Amino acid sequence: MAKTAISPTREENYAEWYQQVVKEAQLAENSSVRGCMIIKPWGYALWENMQSVLDGMFKATGHKNAYFPIFIPLSLMSKEAEHVDGFATECAVVTHHRLEKGEGGKLTPAGPLEEPLIVRPTSEMIINETFSRWVQSYRDLPLLINQWSNVVRWEMRTRLFMRTAEFLWQEGHTVHATKEDAVAETERMLDIYAGFLENYMAIPVIKGTKSDAERFPGADDTYTVEAMMQDGKALQAGTSHFLGQNFAKAANIQFLDKDGTQKHAWTTSWGVSTRMIGGMIMTHSDDDGLILPPKVASAHAVILPFLKGKDKSGDATIVEACEALKAELEAQSYAERKLVIELDDSDTAGKKWAWVKKGVPLRIEVGARELEEGTVAVTRRDTNEKTVYPRAEFITKAPEILADIQITLFKRAETFRADKMTTEITDKEAFYKRFKNDRSAGGFVLAPWDGDAASEKQVKEHLQVTIRCLPLTDQDVAGKNCVITGNPAKYMALFAKAY
RNA sequence: CGGGGAGUGGCGCAGCCUGGUAGCGCAUCUGGUUUGGGACCAGAGGGUCGUAGGUUCGAAUCCUAUCUCACCGACCA
């Protein structure tokens, strides 16, 4: 059995394996603040790449960025009843505005605020309240705004990237004159998320709508993209909400329409977060650590010179050659981005493994032999394949190799998901059996459902299985019966255990 | 919030039951050896043992309180 760079392996302990991958890849670490993570440079570079692509997509569809306060007055928060109920148990609340030195120099909060401030768990209330002043006429619509920010949700249990008390995200908030426009926007943004996840993160997703129980608090409809992780659990990777007129009414967003009457507007909101990084790790990484999809990778390749130690005669030449190679590679582009190349000329043992664990797509080895032959030895992180290329050929071919890695990762994930997906289960016994298997979380089961909250609740209590979504396609239920109750089915539902 | 677990040099741990003021591995630094790879030898630096109180001649070790963290549940992006 070959030694793996990450211990334990996925098979041995998936949860612990995940923590180790994050740590060994230098993506993030726990901070001294409960539930809050420190995103390290290697992880933040990844997030910046993701941001940059998404931001371009938002702007290309007419959205503009803005920034709203981190604090929401308590009174404002309480205006949409369902929304409040959904977030009340996980709000951080600011109640004081200064510190005083007490006994023994110990600092204690003083100066109570007249009205407590909530640290935003999401910004619907503060943004829609603002929109009520921005929107006066049908000419002001649609209003398409996005914000990049942090939010705070005081979760009971946290896990790096997957669920942290504070996380980074973007939240889009839009206002429309008609229901049709708002629904179209909700679906457009869902498509953008799905496209980003599949084409950039190489994570295959299933698009669908949430059941009543899983909907965003205050929304009429929540659209979601669901991904399958390597342990057979599902991950909600992004959501897009059709908010109906609920928030428009709560925040009083009205406009004077062409016909001269005052109308309430229709709003949407949509978001993706640093959680996608967690999804990416759980989709692609292996027992040797992280594997980054080239399109968003913090770096595309690392050059590792083989130095001669004591007999340093040739070392300077090798490092120089590596620097020249780096410069030439950096002139190349892949996926509208100049190649980012790291050069690690440290002589520490195990530096190769450090880069394996960081998930960099290509490792380029250059030593005396390569210099002499005019070649480079290149190893792909995804397949572990080592190929010796003539130097010039590799430089022009690098983007092509990266593109192949990107596709390989996506296809591999797609194949994996296909193995974890069944549409064959039609009776309750088989359904229960599937999800009671201890070795695996069970994957996706696409099965008929009667649309009743009671049956949904039942499988959640018995099996910790939830309805991830009602897929947008495959909704033919004619003649089919609910997998749980046997009653006539209303929907095809995608069931899974979830993060 | 419930269930078990853990807080000891930068990291990972032992020591605790049977009190006598700290030890191992990795990492770091120095010197040497080695060199297509997760090295070896020798030496060195670095810790008031989570915090507060108590028992004692003496506490990492016993007692009490308290804080924190990761993990498994319930809750959730």
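Here the structure is a predicted model, which is why all the values come from computation and not from measurement. To find a chain, count down the sequence lines: A is the first, B the second, and so on, and within it residues start at 1.
Side-chain N/O atoms of A:N30 include none lying less than 4.0 angstrom from OP1 or OP2 on B:rC69.
Comparing the P positions of B:rC17 and B:rU61 gives an interatomic distance of 9 Å, to the nearest angstrom. Rounded to the nearest Å, the gap between the C1' atom of B:rG7 and that of B:rU51 is 11 Å. Taking atom C1' in both B:rC71 and B:rU66, the straight-line distance is 22 Å, to the nearest Å. Taking the C1' atoms as reference points, B:rG12 lies 32 Å from B:rC76, given to the whole Å. Across the C1' atoms, B:rU34 and B:rU68 are found 45 Å apart, a figure rounded to whole Å. Rounded to the nearest Å, the gap between the C1' atom of B:rA59 and that of B:rU64 is 15 Å. Separating the P atom of B:rG23 from that of B:rG9 is a span of 14 Å, rounded to the nearest Å. Distance noted for atom C1' between B:rG15 and B:rC62: 16 Å (whole Å).
A salt bridge does not link A:E166 with A:R34: none of the charged nitrogens is closer than 4.0 Å to a carboxylate oxygen.
In RNA chain B, stems built from 3 or more consecutive Watson-Crick or G-U wobble pairs, each with both distances under 3.5 Å, span B:1-3 with B:71-73, B:5-7 with B:67-69, B:10-13 with B:23-26, B:28-33 with B:39-44, B:50-54 with B:62-66.
Geometrically, A:K358 engages A:W355 in a cation-pi contact defined by less than 6.0 Å to the ring centre and at most 45° from the axis. Figure legend: cation-pi geometry between A:R120 and A:F71 absent, as NZ or CZ is not positioned both under 6.0 Å from the six-membered ring centre and within 45° of its axis.
Among the atoms of the strands shown, base atoms are found under 4.0 Å from some heavy atom of A:T164. A:E214 comes within 4.0 angstrom of no nucleic acid atom, judged by non-hydrogen atoms across all strands. Residue A:F87 is classed as having no contact, given no heavy-atom separation below 4.0 Å to the nucleic acid. Nucleic acid contact for A:A368: base, since at least one base atom lies under 4.0 Å from a heavy atom of the residue. No contact: A:T239 has no heavy atom under 4.0 Å from any strand. Using a 4.0 Å heavy-atom cutoff across all strands shown, A:K210 reaches no nucleic acid atom at all.
A heavy-atom distance below 4.5 Å is found between the side chains of A:L362 and A:F394.
The interatomic distance linking A:K352 (NZ) with B:rA39 (P) rounds to 11 Å, in whole Å. Between A:H462 atom NE2 and B:rA74 atom P there is a gap of 13 Å when expressed in whole angstrom units. The nearest whole Å value for the distance from the NZ atom in A:K386 to the P atom in B:rG36 is 12 Å. Straight-line distance from the CH2 atom of A:W353 to the C1' atom of B:rC26: 18 Å, rounded to whole Å. Between the CD atom of A:Q20 and the P atom of B:rG38 there is a distance of 21 Å, given to the nearest Å. The CG atom of A:D344 sits 14 Å away from the C1' atom of B:rG38 (whole-angstrom rounding). Per the geometry, OH belonging to A:Y499 stands 13 Å off C1' belonging to B:rC71, to the nearest Å. Computed from coordinates, the A:L160 CG to B:rC69 C1' distance equals 12 Å when rounded to whole Å.
Mapping A:F167 and A:T158 onto RNA chain B by nearest heavy atom places A:T158 at the nucleotide closer to the 5' end. Closest-nucleotide positions on RNA chain B for A:P305 and A:K460 were compared, and the one nearer the 5' end corresponds to A:P305.
A:E456 and A:S211 share a donor-acceptor pair across their side chains, judged by distance under 3.5 Å alone. Using modelled atom types and a 3.5 Å distance limit, the side chains of A:T224 and A:E226 yield a donor-acceptor pair. Between the side chains of A:N150 and A:W169, no donor-acceptor pair of N or O atoms lies under 3.5 Å.
Set against B:rG73, B:rC75, B:rG36, the side chain of A:E155 has B:rC75 as its closest nucleotide. The side chain of A:R157 approaches B:rA74 more closely than any other nucleotide in the set B:rA74, B:rG36, B:rG38. You'll find that the side chain of A:Q464 is closest to B:rG73, out of B:rC76, B:rG38, B:rG73. Considering only the side chain of A:A5, B:rG38 comes nearest among B:rC71, B:rG38, B:rA70. Of the candidate nucleotides B:rG38, B:rC76, B:rG36, B:rC76 has the atom nearest to the side chain of A:R163. For A:E90, the side-chain atoms get nearest to B:rC76 when compared with the rest of B:rG73, B:rC76, B:rA70. Taking only side-chain atoms of A:Q19, from C-beta outward, the nucleotide of B:rA70, B:rC76, B:rC69 with the closest atom is B:rA70. The side chain of A:E365 approaches B:rG36 more closely than any other nucleotide in the set B:rA70, B:rG36, B:rG73. The side chain of A:A15 lies closest to B:rC71, out of B:rG38, B:rC71, B:rG73.
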Verdict with reasoning, A:D231 to A:Y499, per side-chain hydrogen bond (donor to acceptor under 3.5 Å, both in side chains): CA-CA 11 Å; A:D231 61 346; A:Y499 278 100; 2.5 Å; yes
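Within a 6.0 Å radius of OH in A:Y491, no more than 12 heavy atoms belonging to other residues, nucleotides or ligands are found.
For the side-chain contact (heavy atoms from CB on, under 4.5 Å) with A:T239, the lone residue among A:V272, A:T222, A:T186, A:L190 that qualifies is A:T222.
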